[in-house]
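Quick note: numbers below take in every heavy atom, side chains included, and nothing from hydrogens, waters or symmetry partners.
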Amino acid sequence: MPDRQSARDRMLASATAVLAESGPSGVTIDRVLSDSGAPRGSVYHHFPGGRTEIITRAGHSAAEKAIGRYRELAADNDTAGLVDALVDRWKRNLIDHDFRRGCPILALAVDDLSAVPELDGDIADTFVTWRTIAARVLERDGVPAPRSERLATLIVTAVEGAVAMCRSTRSIVPLDDVAAELRALVETALHRPD
């Protein structure tokens, strides 16, 4: 049983990595098997729905993990610390993977998910949850709603957009720029909360 679980976990990790690199269109059974080293027979044993099920489960897993990381970072930081932690995490990820891997959630959001409609709700919920988490941190720091909600939207979209730009330019400068501007906006919001 541990070997089967291990093959399943390896395939999910591989599919999530491929989502982050190439989006859902890049997730093929052959690529997942090649990257994970799992035997071909394990695909339909663990994922009877084939490629669609692999993408769906990888998307669910990526969404759960991403929300969990946001919650952890929010619990330990004020808003400026949350921005810095998000930016630092993405910089490490981009550098460690030679700018090939971005955010699997963003990759799913910008792709046509008509083949995997089960993920539409997960992806939307992930972005909304990230925004809600960031807004609660802003409110904890003294920024009232609705400004905290608007700034939270800006934090999520700016960091996600900067990650995409970093990948295309093969540079972490966009993340550094976004972090500096977000810190300035947060500082202003703390002193002028309306």
Under a plain distance cut-off of 3.5 Å, with no hydrogens placed, do Arg10 and Ser6 share a side-chain donor-acceptor pair? yes

Rounded at 0.5 Å granularity, tell me how far [atom1] in [X] sits from [atom2] in [Y].
{"X": "Ser34", "Y": "Ile29", "atom1": "OG", "atom2": "CD1", "result": "13.5 Å"}
{"X": "Arg147", "Y": "Thr188", "atom1": "CZ", "atom2": "OG1", "result": "7.0 Å"}
{"X": "Asp125", "Y": "Asp120", "atom1": "CG", "atom2": "CG", "result": "10.5 Å"}
{"X": "Thr126", "Y": "Leu108", "atom1": "OG1", "atom2": "CG", "result": "9.0 Å"}
{"X": "Ile133", "Y": "Ile155", "atom1": "CD1", "atom2": "CD1", "result": "12.0 Å"}
{"X": "Trp130", "Y": "Leu73", "atom1": "CH2", "atom2": "CG", "result": "11.5 Å"}

Please report the shortest heavy-atom distance between [X] and [Y], naming the atom on each side.
{"X": "Ala15", "Y": "Ala58", "result": "CB-CB, 3.7 Å"}
{"X": "Leu33", "Y": "Pro39", "result": "CD2-O, 3.6 Å"}
{"X": "Leu138", "Y": "Ser148", "result": "CD1-O, 3.2 Å"}
{"X": "Leu19", "Y": "Pro104", "result": "CB-CB, 4.0 Å"}
{"X": "Ala38", "Y": "Met11", "result": "CB-CG, 3.7 Å"}
{"X": "Ala152", "Y": "Ala135", "result": "CB-N, 3.4 Å"}

Starting from [Y], can I reach [X] by hopping between I/L/V/M/F/W/Y residues whose side chains sit under 4.5 Å apart?
{"X": "Val137", "Y": "Val128", "result": "no"}
{"X": "Trp90", "Y": "Ile95", "result": "yes"}
{"X": "Leu182", "Y": "Met165", "result": "no"}

List the residues meeting ring-ring contact (aromatic ring centres under 6.0 Å, His included) with Phe99, not counting sequence neighbours, and say none if there are none. none

Go through the steps to decide whether Phe47 and Ile55 satisfy the test side chain to side chain contact (heavy atoms under 4.5 Å, CB included), and finish with yes or no. CA-CA 10 Å; Phe47 305 100; Ile55 293 169; over 6 Å; no

For residues Leu106 and Val163, determine if any side-chain heavy atom of one lies less than 4.5 Å from a side-chain heavy atom of the other. no

Could you check Arg131 against Arg136 for side chain to side chain contact (heavy atoms under 4.5 Å, CB included), going step by step and ending with a plain yes or no? CA-CA 9 Å; Arg131 176 183 184 248; Arg136 297 302 83 83; over 6 Å; no

According to side-chain contact (heavy atoms from CB on, under 4.5 Å), who are the partners of Asp96, at least two apart in sequence or on a separate chain? Arg92

Just to verify, what does Ser14 make a side-chain contact (heavy atoms from CB on, under 4.5 Å) with, not counting sequence neighbours? Val18, Val32, Asp35, Ser36

Before you tell me yes or no, could you show the steps for Leu175 and Leu94 under side chain to side chain contact (heavy atoms under 4.5 Å, CB included), namely the whole-Å CA-CA distance, both residues' side-chain angles and the distance that decides it to 0.1 Å? CA-CA 11 Å; Leu175 273 168; Leu94 288 162; 3.7 Å; yes

Residues forming a side chain to side chain donor-acceptor pair (under 3.5 Å) with Glu53, sequence neighbours excluded: Arg57

Residue pairs meeting side-chain hydrogen bond (donor to acceptor under 3.5 Å, both in side chains), one or both in residues 171-181, sequence neighbours left out, come to Lys91-Asp176

Inter- and intrachain pairs under side-chain hydrogen bond (donor to acceptor under 3.5 Å, both in side chains), touching residues 69-79, at least two apart: Thr79-Asp141

